[in-house]
Amino acid sequence: MLRDLVNLAITIRDDGQVNPLTVVDVSQGVTRLFRIETGERRYWATWLLRDFIPSYTGDGMIPCIIIPTNRSSVFRQAKENTARSGLTAVALARQAALLLLTVHGYEVPAYAVGHEFYRQALDIDLRAKREYTDMILSAMGGIKRAQFSLIKSLLRLSDEALELADRHAIEEFKLRCCFGSRQNITPRSYGRSSTSISAETSEGAVRGR
């Protein structure tokens with residue numbers, strides 16, 4: 001991921017910032033606050049560019065389009081995410097959950113949330129919101145309903161397993177063996193899923209030597 005950000009930073013240095021970020025105005029009183037809606041990678045790449053990349057002569061400012069809170073769109077964010085490569089299976093699971101929770105009327109906090117927030121999506125599905133199905137699948141890159149369900153089901157994994165899978169970019173099909181039906185998930189099976197993923201990452205490290 002860091003290598004991708006450095007490459008993006010070099011591209012911005014050489015070609016300039018082509019696409020502005022979209023940010024949501026979440027100001028409170030006189031304090032101006034903005035939450036990045038799209039362009040988080042460009043934000044961090046510019047930060048790297050300003051502080052660590054030689055031959056950069058810019059001021060570190062990033063062009064932004066300010067979106068009112070009532071016009072914020074998780075669909076716009078999802079489409080940008082799926083348009084780029086390198087999005088992990090776990091990141092896709094969180095994105096699927098966010099889209100599903102939004103159309104079901106759940107309030108999405110303006111601050112960072114944990115895995116338990118996303119796991120609420122395990123209790124809901126596309127059937128109850130059929131009118132949004134095409135929009136959601138399109139925002140996820142045009143995947144099929146079955147693939148959407150498989151991606152969302154990754155949220156059954158324990159916090160530790162999700163962190164490991166995200167850090168090592170383990171593919172979705174390799175993670176399926178780590179869990180069964182949701183009703184069978186227990187603290188003990190969560191532990192097994194973490195152990196399985198630890199073994200997977202260790203094996204990958206050995207092969208890479």
Side-chain angles (χ1 to χ4, degrees), residues 1 22-24 26 35-41 67 69-187 189-194 196-197:
M1 181 178 179
T22 60
V23 297
V24 180
V26 292
R35 172 172 54 83
I36 296 175
E37 182 187 64
T38 64
E40 187 172 359
R41 288 177 71 251
I67 306 294
T69 304
N70 61 354
R71 292 183 56 198
S72 175
S73 172
V74 296
F75 287 92
R76 186 162 47 232
Q77 184 181 51
K79 286 181 178 178
E80 171 157 311
N81 285 340
T82 52
R84 68 177 178 85
S85 60
L87 202 63
T88 69
V90 173
L92 279 172
R94 290 194 294 260
Q95 181 172 283
L98 192 59
L99 291 169
L100 203 51
L101 290 168
T102 298
V103 301
H104 276 268
Y106 286 71
E107 183 176 352
V108 179
Y111 49 83
V113 295
H115 298 303
E116 283 306 313
F117 173 80
Y118 295 107
R119 286 194 184 103
Q120 295 178 98
L122 293 171
D123 297 320
I124 53 181
D125 54 36
L126 292 171
R127 288 193 297 270
K129 292 290 181 179
R130 294 181 187 276
E131 66 272 26
Y132 291 101
T133 297
D134 289 343
M135 289 177 60
I136 290 177
L137 297 179
S138 174
M140 291 290 294
I143 62 176
K144 302 296 184 182
R145 289 177 62 130
Q147 183 67 15
F148 180 86
S149 297
L150 286 171
I151 290 172
K152 188 187 72 166
S153 66
L154 295 181
L155 297 169
R156 297 173 181 167
L157 296 170
S158 68
D159 289 357
E160 181 186 3
L162 287 169
E163 294 295 338
L164 283 169
D166 201 23
R167 186 183 311 155
H168 296 281
I170 299 176
E171 295 94 333
E172 178 267 327
F173 74 91
K174 292 183 179 180
L175 295 170
R176 294 180 201 170
C177 63
C178 296
F179 55 85
S181 63
R182 188 172 181 223
Q183 288 74 14
N184 294 330
I185 293 296
T186 64
S189 60
Y190 272 177
R192 285 200 301 272
S193 66
S194 300
S196 299
I197 291 176

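- E163 CD to R167 CZ: the interatomic distance, rounded to the nearest 0.5 Å, is 7.0 Å.
- Taking all atoms of both residues into account, the shortest heavy-atom contact from V90 to L162 is CG2-O, 3.8 Å.
- By the 4.5 Å heavy-atom criterion applied to side chains, V103 and F75 are counted as neighbours.
- Residues R35 and S72 share a closest heavy-atom pair of NH2-OG, 3.7 Å.
- In this structure, the side chain of S138 does not engage the main chain of M135 through any donor-acceptor pair within 3.5 Å.
- Closest heavy-atom contact between A97 and Y118: CB-O, 3.6 Å.
- Without hydrogens or angle criteria, E171 side chain to A89 main chain gives no donor-acceptor distance under 3.5 Å.
- Between the side chain of K129 and the backbone N or O of L100 there is no donor-acceptor pair closer than 3.5 Å.
- Counted within 6.0 Å of CD on E107, heavy atoms from surrounding residues, nucleotides or ligands total 12 or fewer; the atom is thus considered open.
- A heavy-atom distance below 4.5 Å is found between the side chains of L92 and M140.
- T88 OG1 to D166 CG: the interatomic distance, rounded to the nearest 0.5 Å, is 3.5 Å.
- In this structure, the side chains of I124 and Y106 come closer than 4.5 Å at one or more pairs of heavy atoms.
- In terms of heavy atoms, A93 sits closest to L154 at CB-CB, 4.1 Å.
- Pairing each heavy atom of Q77 with each of I36, the nearest pair is NE2-O, 4.2 Å.
- Contact annotation: the side chain of L126 approaches that of R145 to within less than 4.5 Å [non-hydrogen atoms, C-beta and beyond].
- Judged by distance alone, the side chains of H104 and Q120 never bring a donor and an acceptor atom under 3.5 Å apart.
- Closest of all the heavy-atom pairs between F148 and I136 is CE1-CG2, 3.5 Å.
- A salt bridge links R119 with D159: the distance from a Lys NZ or Arg NE/NH1/NH2 to an Asp or Glu carboxylate oxygen falls below 4.0 Å.
- Around atom OH of Y132, no more than 12 heavy atoms belonging to other residues, nucleotides or ligands sit under 6.0 Å away.
- Using a cut-off of 4.0 Å between Lys/Arg side-chain N and Asp/Glu carboxylate O, K152 and D125 are scored as not salt-bridged.
- To the nearest 0.5 Å, atoms CD1 (I67) and OG1 (T22) are separated by 5.5 Å.
- Salt bridge E80/R76: absent, no basic N to carboxylate O contact under 4.0 Å.
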